[in-house]
J.: 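For reference, the structure I am asking about is given below.
The structure displayed is predicted, hence computed values, not measured ones. We use all heavy atoms of the structure for the numbers below, so side chains are in, but hydrogens, waters and symmetry mates are not.
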Amino acid sequence: MAADFIMGRHPVMTALKAHQEANKLFVQADLKADTVRTMVQLAKQQHIIVSSVPKQKLDCLVAGQNHQGVVLAIAAYEYATVDDLFARAEARGEAPYLLMLDGIVDPHNLGSILRTADATGVHGIIIPKRRAVQLTATVAKTSTGAIEHVPVARVTNMVQTAKMLKERGCWLFGTDMEGTDFRQWQAKGPTVVVIGNEGRGITPLLKKTCDEMLTIPMTGHVQSLNASVAAGLVMYRGFTSRRG
């Protein structure tokens with residue numbers, strides 16, 4: 001597993017030129033150097049998020065080490081492609097069983113979801129490049145090794161990806177407060193489960209692309225579940241229905 005950060009102008013430039021998998025480029029807000037502008041340009045060309053932050057933020061990220069005004073947050077593990085996920089299902093002789101995570105921001109949730117995905121035969125997970133947690137060391141630790149076995153693909157546009165999945169024969173099932181009782185759900189065939197953000201749920205445009213919404217019946221005073229718990233329940237229901 002790689003370190004979480006690369007710091008310093010030369011190391012960061014080298015990593016960007018080598019197209020190393022990265023989550024975000026942090027740049028000190030008051031820097032105007034040509035080399036820094038080149039880094040920003042390279043990052044944007046590779047669809048890496050660029051964030052302008054005060055020096056104190058960078059100092060905090062790298063525990064006071066010399067960062068020269070630039071810090072690159074790199075992926076703890078390499079990302080797969082959506083094609084890789086389909087290939088994994090084909091290699092197993094199974095219909096694709098995928099998970100789309102629409103803006104999960106807590107690394108512990110993603111790590112827990114990876115664990116359950118591994119246990120329930122999910123062929124891979126799709127996450128957005130922006131406004132969501134990426135594959136960090138915390139995610140890897142929380143997954144307790146599952147990150148090694150469940151490929152994660154990153155995409156720029158979740159709605160376009162959802163439409164592409166439907167064109168490839170998949171049925172999309174979202175989770176919501178209202179919908180079909182998930183205990184009645186049959187997940188046979190090419191299936192994609194869509195789990196929304198911890199607070200706002202699935203974004204409206206992505207929700208519209210889903211073929212059906214699933215709900216988890218609850219009783220008691222708290223009428224919502226932690227995202228990883230909800231995802232786990234739905235994944236296990238899919239697992240049992242697919243395996244008879």
Side-chain angles (χ1 to χ4, degrees), residues 4 23-24 26 47-53 57 60-61 73 75-76 79 98-120 122 124-144 146-147 150 152-163 165 172-183 185 191-238:
D4 273 327
N23 295 327
K24 184 181 288 189
F26 295 92
H47 304 290
I48 297 169
I49 300 168
V50 178
S51 181
S52 179
V53 297
K57 169 71 172 179
C60 181
L61 284 176
Y79 292 96
L98 308 178
L99 198 62
M100 289 189 82
L101 303 180
D102 185 26
I104 295 293
V105 296
D106 187 335
H108 296 93
N109 278 339
L110 179 54
S112 296
I113 288 169
L114 278 161
R115 290 177 66 179
T116 310
D118 180 47
T120 56
V122 171
I125 295 175
I126 299 169
I127 63 172
K129 287 186 176 180
R130 294 179 176 273
R131 292 181 287 277
V133 66
Q134 307 295 303
L135 294 184
T136 65
T138 301
V139 171
K141 183 178 180 181
T142 309
S143 80
T144 61
I147 197 170
V150 182
V152 177
R154 259 192 333 181
V155 299
T156 304
N157 189 304
M158 292 286 276
V159 174
Q160 289 180 4
T161 301
K163 291 178 179 177
L165 291 171
L172 271 63
F173 298 89
T175 51
D176 198 14
M177 293 296 290
E178 296 183 3
T180 302
D181 187 326
F182 87 113
R183 293 171 296 181
W185 174 48
T191 300
V192 181
V193 177
V194 184
I195 304 292
N197 168 269
E198 290 93 341
R200 58 174 166 75
I202 302 172
T203 52
L205 285 176
L206 183 56
K207 197 176 197 178
K208 286 181 180 179
T209 67
C210 292
D211 296 292
E212 187 175 355
M213 302 306 294
L214 305 174
T215 189
I216 300 170
M218 285 176 276
T219 185
H221 301 290
V222 179
Q223 289 298 304
S224 64
L225 293 171
N226 170 277
S228 64
V229 173
L233 287 169
V234 175
M235 280 188 280
Y236 264 106
R237 172 56 197 167

J.: Is there a donor-acceptor pair closer than 3.5 Å between any side-chain N or O of Thr215 and the backbone N or O of Met177?
T.: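 Indeed, once roles are kept as given, a pair shorter than 3.5 Å links the two residues.
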J.: Taking the side chain as everything from C-beta on, heavy atoms only, tell me whether Arg237 gets closer than 4.5 Å to Leu214.
T.: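 Arg237 vs Leu214: side chains apart.
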J.: Do Val53 and Leu61 have side chains that get closer than 4.5 Å, going by heavy atoms?
T.: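 No, too far: nothing below the 4.5 Å cut-off.
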J.: In Å and rounded to the nearest 0.5 Å, what is the CG to OG1 distance from Leu165 to Thr209?
T.: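 Result: 9.0 Å between the selected atoms.
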J.: Is there a side-chain contact between Leu110 and Thr142, using heavy atoms and a 4.5 Å cut-off?
T.: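 Leu110 vs Thr142: side chains apart.
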J.: Decide side chain to side chain contact (heavy atoms under 4.5 Å, CB included) for Val150 and Ile125; before the verdict, give the C-alpha distance in whole Å, the side-chain angles of both, and the deciding distance to 0.1 Å.
T.: CA-CA 7 Å; Val150 182; Ile125 295 175; 4.1 Å; yes
J.: Closest approach of Ala227 and Glu198, non-hydrogen atoms and distance?
T.: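 Answer, listing the atom of Ala227 first, then Glu198: CB-CG, 4.0 Å.
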J.: So do the side chains of Gln160 and Val155 get within less than 4.5 Å of each other, counting heavy atoms only?
T.: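 Result no, sub-4.5 Å side-chain heavy-atom pair not found.
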J.: Would a distance-only check, ignoring hydrogens and angles, find a side-chain to backbone donor-acceptor pair under 3.5 Å from Asp102 to Thr203?
T.: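 Side chain of Asp102 to backbone of Thr203, a donor-acceptor pair under 3.5 Å: yes, one is there.
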J.: Where is the tightest heavy-atom contact between Arg115 and Ser143, given as atom of each residue plus distance?
T.: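 Where Arg115 meets Ser143 most closely, the heavy atoms are CG-O, 2.9 Å.
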J.: Quick one: does Glu212's side chain have a donor or acceptor within less than 3.5 Å of a partner on Thr180's backbone?
T.: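 The answer is no, because no donor-acceptor pair under 3.5 Å joins these two groups.
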J.: Looking at every heavy atom in both Val139 and Leu114, which two are closest together, and how far apart are they?
T.: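 Smallest interatomic distance, heavy atoms only, reads CG1-CD1, 3.7 Å.
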J.: Could you point out which residue of Val193, Leu99, Ile195 forms a side chain to side chain contact (heavy atoms under 4.5 Å, CB included) with Met235?
T.: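 Result: among Val193, Leu99, Ile195, Leu99 is the only option passing the side chain to side chain contact (heavy atoms under 4.5 Å, CB included) with Met235.
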J.: If you round to the nearest 0.5 Å, how far is NZ of Lys24 from CD1 of Ile49?
T.: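 Here the rounded value is 5.5 Å.
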J.: I want to check something: taking the side chain as every heavy atom from C-beta on, are Met213 and Lys207 in contact at a cut-off of under 4.5 Å?
T.: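 Yes, their side chains come closer than 4.5 Å.
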J.: Mind checking the CG-CZ spacing from Asp181 to Arg183? Nearest 0.5 Å is all I need.
T.: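 CZ of Arg183 is found 4.0 Å from CG of Asp181.
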J.: For the backbone of Leu135 and the side chain of Tyr79, can you confirm whether one donor and one acceptor N or O come within less than 3.5 Å of each other?
T.: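 Yes: the side chain of Tyr79 pairs with the backbone of Leu135.
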J.: For a quick test of reading the model, state the closest non-hydrogen atom pair linking Ser112 to Ser228 and the distance between them.
T.: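 Smallest heavy-atom distance, with atoms named: CB-CB, 3.8 Å.
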J.: Is any side-chain heavy atom of Met158 closer than 4.5 Å to one of Ile202?
T.: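 Side-chain contact under 4.5 Å: no.
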J.: Find out whether Ile104 and Ile127 are in side-chain contact, i.e. whether some heavy atom of one side chain is under 4.5 Å from a heavy atom of the other.
T.: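 When only atoms from C-beta onward are counted, Ile127 and Ile104 do not touch, as no gap falls below 4.5 Å.
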J.: Nearest 0.5 Å please: distance from the CD1 atom of Ile113 over to the CG atom of Leu101.
T.: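 Going from the CD1 atom of Ile113 to the CG atom of Leu101 covers 5.0 Å.
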J.: Which heavy atom in Asn197 sits nearest to a heavy atom in Gly103, and how many Å separate them?
T.: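 Taking Asn197 first and Gly103 second, the nearest heavy atoms are ND2-O, 2.7 Å.
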J.: Indicate the atoms forming the closest heavy-atom contact of Cys210 with Val194, along with that distance.
T.: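 So the minimum-distance heavy-atom pair works out to SG-CG2, 4.0 Å.
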